[in-house]
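Protein chains get the first letters and strands the later ones, always in sequence-line order, with residue 1 at the start of each.
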Amino acid sequence: MPPSPLDSPAPPQRGEYIAHVDVNSFYVSCERVFDPKLEVRPVIVLSNNDGCAVARSAEAKALGIEMGAPWFKLAADADRLGLVAKSSNYELYGEMSARVMKLLGRFSAWVEVYSIDEAFLGVSGTVDELQALGEQIKSEVFRLTGLPVCVGIATSKTMAKMANKTAKHIKELGGVCVWDRAPAQTTESLLARLPVVEVWGIGPRLTKRLRGLGIWTAKDLRNANEVRIRDKFSIVQMRTVLELRGIPCIPMEEERAIKDQLIFSRSFSDPITDRVGMEQVMGIYAQQASARLHKHQKQAKILSAWAMTSYYNQHQDHQPAITVKLPGPTADPVVLTRAAKQLLPQILIGVKYARAGVVVMDLQPCAMQETFDPFISAHEAKQIGPLIQQIRSEHGVKSIGLGRAGLQQGPAWEMRREMMSPRYTTHWRELLTVKAA
DNA sequence: ACGTAGTAG
DNA sequence: CGTTCTACTACGT
């Protein structure tokens with residue numbers, strides 16, 4: 001039956017929705033909770049090594065400070081601008097995150113923790129009920145943690161993210177945006193003004209290629225032929241097109257009990273140009289990976305190691321990498337170190353390597369039972385890894401280490417603070433040597 | 001199965 | 001001179 005002006009208003013439709021909750025400038029907001037003087041000032045939080053800005057307050061953004069802006073370019077002007085920079089305090093952020101996520105569990109039994117400061121919630125109701133729910137989430141999180149969040153609610157994850165972005169940008173919304181509650185005219189114009197790079201899942205490379213197809217805005221992408229998009233790009237981008245139409249294609253996920261891989265990688269304060277230096281790095285990184293595997297009670301079946309020159313090094317570009325099948329599932333530092341050092345033959349003398357990393361993959365939980373395994377290594381059987389961890393916890397992390405990674409007087413790069421992540425570095429730079437094999 | 005590309009936060 | 005770190009999915013071979 002065609003609608004007529006005499007019809008009573010449609011009864012409010014209850015529907016299944018997804019709420020996206022995101023803490024505003026998360027790291028900065030955490031700092032502000034414990035240091036209110038930072039309110040109203042432009043504040044940034046720096047990455048490891050105090051390398052670049054990874055979180056910016058609204059005031060800092062207003063100063064034109066970009067995400068990833070290198071601190072060395074900002075430091076000179078900081079005083080003049082009244083800019084406050086803080087080094088990362090990941091322990092603090094992790095704990096604040098846990099508080100927020102626990103709170104969100106009160107509003108939905110279906111919470112997917114997407115990142116340290118974001119979650120998706122399965123919710124349902126009329127758009128007005130959802131508006132009230134969003135406002136309640138926002139005020140309760142603030143009341144109980146001191147952290148400001150925005151809430152976006154829509155029928156797909158991509159649109160929930162879009163709604164959240166809208167809530168952040170249009171301050172009249174008060175930090176909550178229920179997409180379907182806004183007049184179509186409004187949402188259409190929002191999509192038409194939003195550059196396609198702002199869409200969740202569309203990065204700079206895809207943006208360039210999409211422009212070649214005449215797709216510049218979120219609206220252009222939504223209206224694109226999804227099959228054509230799939231053929232030109234991949235199934236992922238086709239899903240994005242459908243999600244922009246409000247059709248959920250990205251399911252809510254269970255918490256991943258077992259991560260697929262674990263990475264330890266760092267940039268060096270000074271480049272490494274020889275195999276001895278790289279050998280030491282591989283030893284340290286492999287032992288870090290081992291420690292994390294132990295902590296999570298996991299074992300790995302595959303190890304990759306890689307090194308690379310700086311992205312900014314115009315003269316050299318070398319990215320050696322290896323992948324090694326481990327003799328069996330293991331977290332043993334001796335086995336992992338030996339595997340990681342297989343990268344060394346590929347290291348070219350004189351090339352300035354700027355970073356390196358160790359990746360362990362194909363992770364599985366440690367078997368609880370003590371099974372007979374003819375392939376288990378001698379060190380593993382003797383539990384060298386757990387022993388090292390225990391000694392470190394009792395005598396400090398500088399007390400013990402394997403091979404070159406245990407040298408207390410390492411080469412210059414090792415002593416630079418830039419080598420270290422804010423939490424772990426203060427520990428593992430002070431290792432001693434022990435012969436384990 | 002493995003290496004590469006791209007993306008997110 | 002110098003620009004983070006971790007983790008995922010998809011694709012090509």
- Message: Using a 4.0 Å heavy-atom cut-off, does A:F26 contact any base of the nucleic acid, only the sugar-phosphate backbone, or nothing at all?
- Response: nothing

- Side-chain N or O of A:T323 closer than 4.0 Å to phosphate OP1/OP2 of B:dG3: yes

- Rounded distance in Å - CD1 (A:I250) to P (C:dC8): 16 Å

- Query: Is the shortest side-chain N/O distance from A:R355 to OP1 or OP2 of C:dT3 below 4.0 Å?
  - Reply: no

- Message: Within the 4.5 Å heavy-atom criterion, are A:E198 and A:K165 side-chain neighbours or not?
- Response: yes

- Establish, yes or no, whether the cationic atom of A:R355 lies under 6.0 Å from the six-membered ring centre of A:Y353 and within 45° of the ring axis. no

- Task: Please state how far atom CD in A:Q288 lies from atom C1' in C:dT6, giving the value in whole angstrom units.
- Result: 14 Å

- Message: Can you measure A:D117 atom CG to C:dC5 atom C1' for me and round it to whole angstrom units?
- Response: 15 Å

- Task: Could you check which of C:dT6, B:dT7, C:dT3 has an atom nearest any side-chain atom of A:P70?
- Result: C:dT3

- Task: Grab the CD1-C1' distance between A:I263 and C:dT9 for me, whole Å please.
- Result: 13 Å

- With side chain to side chain donor-acceptor pair (under 3.5 Å) as the test, would you mind laying out the steps for A:N164 and A:K168 before giving the verdict? CA-CA 6 Å; A:N164 196 313; A:K168 280 196 162 64; 3.2 Å; yes

- Query: Given B:dC2, is OP1 or OP2 found less than 4.0 Å from the side-chain N or O atoms of A:K325?
  - Reply: yes

- Go through A:T240 and A:E243 one step at a time and tell me if the side chain to side chain donor-acceptor pair (under 3.5 Å) criterion holds. CA-CA 5 Å; A:T240 298; A:E243 285 248 325; over 6 Å; no

- Task: Sticking with atom P, work out how far C:dT3 lies from B:dA8, rounded to a whole angstrom.
- Result: 23 Å

- Query: So what does A:W71 touch, heavy atoms closer than 4.0 Å: a base, only the sugar-phosphate, or nothing?
  - Reply: nothing

- Item | Residue met sooner reading DNA chain C from 5', once A:G51 and A:Q261 are mapped to nucleotides | A:G51

- Task: May I ask you to check whether A:F120 and A:W200 place their ring centers less than 6.0 Å from one another?
- Result: yes

Would you mind writing out the side-chain donor-acceptor pairs for residues 59-68 of chain A within the sub-3.5 Å range, not counting sequence neighbours?
| unit_1 | atom_1 | unit_2 | atom_2 | d |
| --- | --- | --- | --- | --- |
| A:E59 | OE1 | A:R32 | NH2 | 3.0 |
| A:E59 | OE1 | A:S57 | OG | 2.9 |

- Task: Answer with base, sugar-phosphate or nothing: what part of the nucleic acid does A:V45 contact at a heavy-atom distance below 4.0 Å?
- Result: nothing

- Message: Nearest whole Å is fine: how far is C:dC1 P from A:K352 NZ?
- Response: 9 Å

- Task: Tell me which residues in residues 225-239 of chain A put a heavy atom below 4.0 Å from DNA chain C, sorted by number, or none.
- Result: A:S234, A:I235, A:V236, A:R239

- OP1 or OP2 of B:dA8 under 4.0 Å from side-chain N/O of A:S115: no

- Message: Please determine whether a side-chain nitrogen or oxygen atom of A:S265 lies at a distance below 4.0 Å from atom OP1 or OP2 of C:dT6.
- Response: yes

- Looking at the side chain of A:L262, which of C:dT6, C:dA7, B:dT7 is the nearest nucleotide? C:dA7

- Note on the structure: Taken to the nearest whole Å, CH2/A:W306 to C1'/B:dA5 is 15 Å

- Query: Rounding to a whole Å, what distance do you find between A:E198:CD and B:dA8:P?
  - Reply: 10 Å

- Item | Nucleotide of C:dT6, C:dT3, B:dC2 approaching A:I302 most closely (side-chain heavy atoms) | B:dC2

- From C:dT6, B:dA8, C:dC5, pick the nucleotide closest to the side chain of A:R292? C:dT6

- Gap separating the CE atom of A:M162 from the CZ atom of A:R222, nearest 0.5 angstrom: 10.0 Å

- Message: Is it the case that the side chain of A:S47 and the backbone of A:C52 share a donor-acceptor pair, with hydrogens and angles ignored and the cut-off at 3.5 Å?
- Response: yes

- Could you check which of B:dT7, C:dC5, C:dT3 has an atom nearest any side-chain atom of A:F72? C:dT3

- Item | Separation of B:dG6 P from A:R209 CZ (nearest whole Å) | 7 Å

